[in-house]
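Below is one structure, written out as C-alpha cells; the observations come after it.
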Amino acid sequence: MRQYTVAVAGASGYAGSEMIRLLAAHPAFQVCTVTGHGSAGRLLGEFSPNLPESLASLQIQDTKPDILAGHDLVVLALPHGASGPLAEQLDPQSLMVDLGADHRLEDPGDWQDYYGGPFSSPWTYGMPELLNPGGGRQRQLLGQTHRIAGPGCNVTAVTLAFQPALSAGLVQTDDLVADLAVGYSGAGRSSGRMDLLAAQAINSAHPYSVGGTHRHIPEILQNLRKAAAVDPSFAQSQKPIRLGLTPILVPMSRGILAVVSARLSALGRSMGMADIRAVWEGIYAKEPFVDLLPEGKLPSTADVYGSNRAQVQVAVDQRADRLYAFAAIDNLTRGTAGQALQAVNLALGLPEETGLTTIGVAP
C-alpha cells in the first residue's frame, strides 16, 4: 500500500489529537508534521500522552503555510475563521480536510448569521452517508475531490438519526425538535470556561447555546433539506424545515446522544412500525458505520465510545402523534476525526473502512 505523508494543524486540540490517534493505526499514513499556535515549541506528548513515542516526541511547530506544504494530506483542526485563509495559501492540488466549520456551509448568509467574518467557499461535504437530492449519497462525490469539509459532531448525530424520515415524507417538516446530550470534549480543549472544569461538571447537566443560537443549526438544516429532496414528489408537498435544537452538556468526556422528533405526516400515520423501520433499514443496511438497532433496543454512547460507529433507532408515539429517531456517536471519532478519515479514504480510492473500527471500548 502506498504511503502518504500527513501534516496536522491544530494538533494539540482534541480534534487534532484524535485525528493523529486514528492516523497512527492507518496502514497508509505517516504523520510527519504537527503544528499549533500557543503550543508551538512543545512536544506533542505533553498534550496527547496516549500516543506512541514516535508521535509523542514530535515537536509542535508554528502553523504556517511553508511548514504545512509538501505533504500528501493536510488536516486542518483549527478554530472557525482560521482554516479558510490558511487553505488559500496552500497547494490547490493537495488533499486537504478541514475539521472546523469554515468550509461546511453553502449559504454566505448562514455563515454571517452564525459565525461572522469572511465567508469561505464550501468544500465537498465529508459525510459519506448523507442522502442527496434526487437520490445518491455523498460518498459518490467524495471519490472525486481533494478538498473535504468535515461535518460538525452534533450535525452528524441529528442527520444520521433523522434523514430517513425526511427522505420518505414520514413527518411534517415545520416542527422538528432535537435534544442532544453532549460530552464535554465537544467544547474543545482551550475554552478556559469555569463551567467546563471537572469540579463544576461532575454530577451536573446543563443546556447551552439555546434559543436557536447553536452554530450547528444551519448545517443541520442544510443536510435535512437535501434528504427531504430525495423524492421530488415529497419535497414539493413539504413546508420549510424548522428545527428547535437544545444541546445539553452531561458529565462524560466523549459522546453524543441525539433525540430527534417531529409530528407524523398523513403518510407516516398510515404506516405500521414494521414499514417505518423498513425505511431506516433500506437506507442503512449496507452502510459499514451505521447500525440500526433491533426493535426495542436504544442507542447508548457507551457502546460506541472510541469507534466510528453510529447507532440509530426509530420509534413512534401514537398518543403524541410523533416520530422519534435516536443516534449515539462518539463526538471525536464518528463526529469528527473518524468521519473525516472515512472521507479521506474515499478521496484516495482506499477501502472506506481502512484504519477505522466499529468496536467500542467497554467498560
Side-chain angles (χ1 to χ4, degrees), residues 10-22 47-51 77 79-80 99-101 127 150-162 178-210 213-217 219-220 245-260 289-291 293 298-313 325-342 356-363:
S12 56
Y14 286 140
S17 176
E18 180 75 352
M19 191 67 176
I20 295 169
R21 180 182 77 87
L22 297 177
F47 302 90
S48 303
N50 58 310
L51 296 174
H80 77 268
L99 304 186
M127 186 184 296
C153 53
N154 295 313
V155 181
T156 299
V158 174
T159 301
L160 293 178
F162 219 67
D179 298 316
L180 290 81
V182 182
Y184 275 77
S185 60
R189 175 172 266 156
S190 59
S191 68
R193 285 168 44 185
M194 284 294 294
D195 61 337
L196 301 183
L197 296 176
Q200 304 294 120
I202 293 173
N203 298 323
S204 176
H206 68 94
Y208 67 100
S209 296
V210 301
T213 62
H214 197 286
R215 286 171 167 161
H216 285 174
I217 289 175
E219 187 184 346
I220 294 171
L245 176 75
T246 303
I248 304 166
L249 285 171
V250 297
M252 59 186 183
S253 60
R254 305 161 72 118
I256 295 174
L257 177 64
V259 182
V260 193
F289 294 112
V290 183
D291 286 347
L293 297 178
L298 294 173
S300 168
T301 58
D303 296 336
V304 296
Y305 191 97
S307 84
N308 198 52
R309 180 165 56 120
Q311 290 184 337
V312 298
Q313 185 56 282
F326 309 83
I329 64 170
D330 183 316
N331 60 296
L332 292 178
T333 310
R334 176 66 228 219
T336 309
Q339 183 165 228
L341 185 53
Q342 186 183 350
L356 295 167
T357 182
T358 59
I359 303 171
V361 177

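Numbers here simply count residues along the sequence, with the first being 1.
With values rounded to the nearest 0.5 angstrom, Ser17 atom OG is found 5.0 Å from Leu51 atom CG. Interatomic distance, Leu249 CG to Tyr208 OH, rounded to the nearest 0.5 Å: 5.0 Å. Separation of atoms OG (Ser209) and CG (Leu245) is listed at 8.5 Å; rounding is to 0.5 Å. In this structure, CG on Leu341 lies 10.5 Å from CG on Leu99, to the nearest 0.5 angstrom. Once rounded to the nearest 0.5 Å, the distance linking NE2 of His214 with CD1 of Ile220 reads 8.0 Å.
Looking at every heavy atom in both residues, Arg21 comes nearest to Gly306 through NH2-O, 3.7 Å. Considering all non-hydrogen atoms of both residues, Ala178 and Val158 come closest at CB-CG2, 4.2 Å. Counting all heavy atoms, side chain and backbone alike, Met252 lies closest to Ala181 at CE-O, 4.0 Å. Looking at every heavy atom in both residues, Ala11 comes nearest to Ile20 through CB-CD1, 3.7 Å. Contact record, Ala15 with Ala337: O-CB, 4.2 Å, taken as the closest heavy-atom pair. Between Phe289 and Thr357 the shortest heavy-atom distance is CE2-O, 4.3 Å.
Taking the side-chain contact (heavy atoms from CB on, under 4.5 Å) definition, one finds that Val259 meets it with Tyr324, Phe326, sequence neighbours left out. Arg215 is linked by a side-chain hydrogen bond (donor to acceptor under 3.5 Å, both in side chains) to nothing, counting only residues two or more places apart in sequence or in another chain.
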Under the side chain to side chain donor-acceptor pair (under 3.5 Å) criterion, do Thr333 and Glu18 qualify, and how do the steps go?
CA-CA 7 Å; Thr333 310; Glu18 180 75 352; 2.5 Å; yes

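Of the possible donor and acceptor atoms, one in the side chain of Arg309 sits under 3.5 Å from a partner among the backbone N and O of Asp303. Checking side-chain atoms of Asn331 against main-chain N and O of Thr336 turns up no donor-acceptor pair under 3.5 Å. A donor-acceptor pair under 3.5 Å is formed between the side chain of Glu219 and the backbone N or O of Gly152. Looking only at distances, no side-chain donor or acceptor of Gln339 sits under 3.5 Å from a matching main-chain atom of Gly150. The main-chain N or O of Val304 is found under 3.5 Å from a side-chain atom of Ser307 such that the two form a donor-acceptor pair.
Side-chain contact between Cys153 and Ile256 is present, with at least one heavy-atom pair separated by less than 4.5 Å. The side-chain heavy atoms of Tyr305 and Ser253, taken from C-beta on, include a pair separated by under 4.5 Å. Between Leu257 and Pro299 there is a side-chain heavy-atom pair separated by less than 4.5 Å. Contact of the Leu160 side chain with the Arg334 side chain is registered, since non-hydrogen atoms from C-beta on lie closer than 4.5 Å. At a threshold of 4.5 Å between non-hydrogen side-chain atoms, the residues Leu298 and Leu293 do not count as touching. Side-chain contact check for Gln342 versus Asn308: some heavy-atom pair is nearer than 4.5 Å.
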